[in-house]
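Structure first, commentary second.
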Amino acid sequence: MSSLPRYDGPRALAQSLSAFARTGAADAVWNREGLRADSEYRDLGLAAATGGRLGAKHIRAIKPLAAPTGWHWHDMTAHYVFVLAGWLTFRFAGVAGDVTLRAGDGLSQPAGVAHNVVARSDDLEVIEINEPAEYGTFDLALPPEPWK
């Protein structure tokens, strides 16, 4: 831990490096504007607070997973998943074997690496944090190694 700060501080709220933002469960707004039709999404306000540098969303399953998501990747520089309830199983390019996360588990997904969600519980709830807030998702025509 560094004994020197990275910037002059403390700062006044008006000069902070991110905005003050609070989201509450009572006024939560859920939508279906995410990647998967079997889930709903709640923006946690991090994108607005950081000018789009970071994003955070609460995602929960609303239907059973009919089939694996298929191999895809996201053009982000960081991607973190924390499981609140249920479980999910990934496969990652370059990683032998399935990776299953259960409630209380977290995973720093290797940014830009192809992956496939092959199974999940019907009660899955996760928090995803990513950099940047807005990113693209790109499907692969063929599975990568070692999954070919």
Locate the shortest heavy-atom distance separating [X] from [Y]; write the atom from each residue and the value.
X: Ala56; Y: Ile129; answer: CB-CG1, 4.2 Å
X: Pro144; Y: Ala93; answer: CG-CB, 3.5 Å
X: Phe138; Y: Asp75; answer: CE1-CG, 3.9 Å
X: Leu124; Y: Val126; answer: CD1-CG1, 3.7 Å
X: Thr23; Y: Gly45; answer: CG2-N, 4.2 Å
X: Ala49; Y: Ala21; answer: CB-CB, 3.9 Å

Whether Trp147 and Trp71 hold their rings parallel, tilted or perpendicular, with breakpoints at 30° and 60°: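 Ring orientation of Trp147 relative to Trp71: tilted.
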No-hydrogen, no-angle side-chain donor-acceptor test under 3.5 Å, Thr100 and Thr89: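 Present: a donor and an acceptor within the cut-off.
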Partners passing salt bridge (charged side-chain N to carboxylate O under 4.0 Å, His left out) against Glu131 (at least two apart in sequence or in another chain):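 Glu131 satisfies salt bridge (charged side-chain N to carboxylate O under 4.0 Å, His left out) with no residue once adjacent residues are dropped.
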Derivation of the side chain to side chain contact (heavy atoms under 4.5 Å, CB included) call for Val99 and Phe92: CA-CA 8 Å; Val99 177; Phe92 290 97; 4.0 Å; yes
Separation between CG of Asp139 and OG1 of Thr69, rounded to the nearest 0.5 Å: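 Between atom CG of Asp139 and atom OG1 of Thr69 there are 8.5 Å.
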Separation of Trp87 CH2 from Ser121 OG (nearest 0.5 Å):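 Separation between the atoms: 6.0 Å.
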Electrostatic pair Asp122-Lys63, nearest N-O below 4.0 angstrom: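 No, Asp122 and Lys63 are not salt-bridged.
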Worked check of side chain to side chain contact (heavy atoms under 4.5 Å, CB included) between His74 and Asn130: CA-CA 10 Å; His74 309 290; Asn130 47 279; over 6 Å; no
Look at the side-chain heavy atoms of Ile, Leu, Val, Met, Phe, Trp and Tyr, link any pair under 4.5 Å apart, and say whether [X] and [Y] land in one connected group.
X: Leu88; Y: Val113; answer: no
X: Ile127; Y: Leu46; answer: yes
X: Val117; Y: Leu107; answer: yes

Atom CZ of Arg53 with >12 non-hydrogen neighbours under 6.0 angstrom: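 Correct, the count exceeds 12.
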Chi angles and distances behind the salt bridge (charged side-chain N to carboxylate O under 4.0 Å, His left out) call for Arg120, Asp38: CA-CA 11 Å; Arg120 67 153 172 79; Asp38 61 7; 3.1 Å; yes
Candidate pair Asn116 and Phe90, rule side chain to side chain contact (heavy atoms under 4.5 Å, CB included), full reasoning: CA-CA 6 Å; Asn116 186 359; Phe90 290 95; over 6 Å; no
Full working for side chain to side chain contact (heavy atoms under 4.5 Å, CB included) between Arg42 and Ile59: CA-CA 6 Å; Arg42 174 181 163 211; Ile59 304 168; over 6 Å; no
